[in-house]
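I'd like to ask some things about the structure below.
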Amino acid sequence: MKLVIGSDHGGFKLKEEIKTFLTEEGIAFTDYGTLTPDRCDYPEIAKKVGEAVACGTFDRGILLCGTGIGIGIAANKVSGIRAALCHDTFSAEYCRRHNDANILTMGERVIGPGLAKEIVRIFLKTGFDGGRHEMRVNMIKEMDK
Ligand code: RB5
């Protein structure tokens with residue numbers, strides 16, 4: 001799986017912690033920034049990561065900001081993106097099984113690194129159930145056009 005990760009300054013520390021976790025787990029990723037804790041604008045990172053997932057350069061993305069909300073709202077503006085805000089493991093499983101979410105968002109100011117890593121693990125390993133859910137996801141895709 002080709003994975004991309006990004007954050008603004010509000011999610012920078014959590015991004016670095018998740019990068020360490022991914023490296024320990026042997027999961028390859030590309031970091032689209034931000035690369036320093038300096039203040040920056042989350043829509044820019046969301047657009048870069050969203051477009052790279054939507055065009056197929058990457059299969060999945062992880063986006064972090066202070067709350068996970070702003071960067072997710074922005075990512076969902078990109079056609080083809082289904083970004084899911086998950087701060088619990090149940091949501092991480094079901095955003096994949098039912099919604100085929102292709103971007104996970106979380107907030108550094110909301111969640112601790114231990115739970116965030118578990119959410120990442122579930123988001124990456126869980127497949128899409130398809131079936132009746134596929135028809136609904138296709139209805140979302142129609143809204144992109
Ligand atoms: C930045 O201060 C903060 O607004 C941002 O990280 C995010 O939480 C927005 O939704």
Side-chain angles (χ1 to χ4, degrees), residues 1-129 133 136-145:
M1 179 189 304
K2 290 172 289 171
L3 176 66
V4 58
I5 189 165
S7 78
D8 72 351
H9 57 289
F12 177 73
K13 188 164 174 282
L14 184 58
K15 174 164 70 69
E16 297 308 302
E17 284 166 329
I18 290 172
K19 281 167 59 183
T20 301
F21 167 73
L22 293 170
T23 302
E24 285 167 359
E25 295 289 310
I27 300 167
F29 61 88
T30 300
D31 185 354
Y32 267 23
T34 185
L35 301 176
T36 75
D38 298 340
R39 196 167 294 274
C40 66
D41 301 317
Y42 61 80
E44 282 180 11
I45 304 289
K47 186 169 189 286
K48 266 171 60 179
V49 167
E51 287 176 349
V53 171
C55 79
T57 303
F58 297 98
D59 303 305
R60 304 259 179 94
I62 299 171
L63 284 170
L64 300 323
C65 68
T67 59
I69 297 171
I71 208 155
I73 291 173
N76 275 318
K77 294 289 181 189
V78 177
S79 179
I81 291 306
R82 292 176 302 284
L85 172 65
C86 299
H87 288 137
D88 65 274
T89 55
F90 184 86
S91 300
E93 178 179 343
Y94 279 86
C95 79
R96 289 289 313 131
R97 290 183 58 179
H98 286 190
N99 313 117
D100 199 16
N102 47 17
I103 291 185
L104 165 68
T105 80
M106 294 184 288
E108 180 187 310
R109 298 170 189 162
V110 181
I111 194 171
L115 179 55
K117 289 171 193 173
E118 194 52 31
I119 286 169
V120 167
R121 187 196 303 280
I122 291 166
F123 177 75
L124 295 180
K125 81 169 187 203
T126 305
F128 178 44
D129 280 358
H133 303 293
R136 293 167 183 152
V137 169
N138 284 341
M139 289 169 77
I140 297 172
K141 289 178 179 171
E142 279 296 313
M143 295 166 75
D144 274 339
K145 293 176 184 163

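Each ligand, and each atom within it, is numbered from 1 in the order the structure gives. Everything quoted here is computed from the prediction, not taken from an experiment. The first residue of the sequence shown is numbered 1, and numbering continues consecutively from there.
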Could you list which atoms of ligand 1 come closer than 4.0 Å to a heavy atom of C65?
->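 Per the distance check, 6 (O), 7 (C), 8 (O), 9 (C), 10 (O).
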
Look at atom 1 (C) of ligand 1 and say which protein heavy atom is nearest, naming residue and atom and giving the distance to 0.1 Å.
->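 Of the protein heavy atoms, H9 NE2, 3.6 Å lies nearest.
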
Where is the nearest protein heavy atom to atom 3 (C) of ligand 1: which residue, which atom, and how far?
->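 Looking at atom 3 (C) of ligand 1, the protein heavy atom closest to it is R109 NH1, 3.7 Å.
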
Atom 9 (C) of ligand 1: nearest protein contact (heavy atom, Å) |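 For atom 9 (C) of ligand 1, the nearest protein heavy atom comes out as Y42 CE2, 3.4 Å.
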
State the atoms of ligand 1, each with its element, that fall below the 4.0 Å cut-off from a heavy-atom position in G66.
->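 It comes down to these atoms of ligand 1: 5 (C), 6 (O), 7 (C), 8 (O).
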
Determine, for K48 against E51, whether the closest basic-nitrogen to carboxylate-oxygen distance falls under 4.0 angstrom.
->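 No.
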
Over 60° means perpendicular and under 30° means parallel, so classify the ring planes of H98 and H133, tilted if in between.
->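 Answer is parallel, since the angle falls under 30°.
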
Taking the six-membered ring of F128 (Phe, Tyr or Trp), confirm whether the NZ or CZ of R96 is under 6.0 Å from its centre and within 45° of its axis.
->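 Verdict for F128: no cation-pi partner in R96.
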
Do ligand 1 and D8 have nitrogen or oxygen atoms that lie under 3.5 Å from each other?
->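 There is such a contact, yes.
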
Answer with yes or no after comparing the ring centroid distance for F29 and F21 against a 6.0 Å cut-off, counting only values under it.
->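 They do not qualify: ring centres at least 6.0 Å apart.
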
Cationic N near anionic O, under 4.0 Å, K47 to E44 =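 Salt bridge absent between K47 and E44.
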
Is there a donor-acceptor contact under 3.5 Å from the side chain of D8 to the main chain of C40?
->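 Not confirmed, D8 side chain does not pair with C40 backbone.
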
Any non-hydrogen atom of E108 lying under 4.0 Å from ligand 1?
->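 No, that is not the case, since the closest heavy atom of the residue is not under 4.0 Å from the ligand.
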
Region of T67 engaging ligand 1 - heavy atom pairs below 4.0 Å =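 For T67, backbone and side-chain atoms both sit under 4.0 Å from ligand 1.
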
Does E118 pair with R121 as a salt bridge, N-O distance under 4.0 Å?
->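 Yes, this pair counts.
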
Indicate yes or no: does an N/O atom of I71 lie under 3.5 Å from an N/O atom of ligand 1?
->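 No; every N/O pair is 3.5 Å or more apart.
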
Have a look at G70, C40, A46 and point out the one with the heavy atom closest to atom 10 (O) of ligand 1.
->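 When every heavy atom of G70, C40, A46 is considered, G70 comes closest to atom 10 (O) of ligand 1.
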
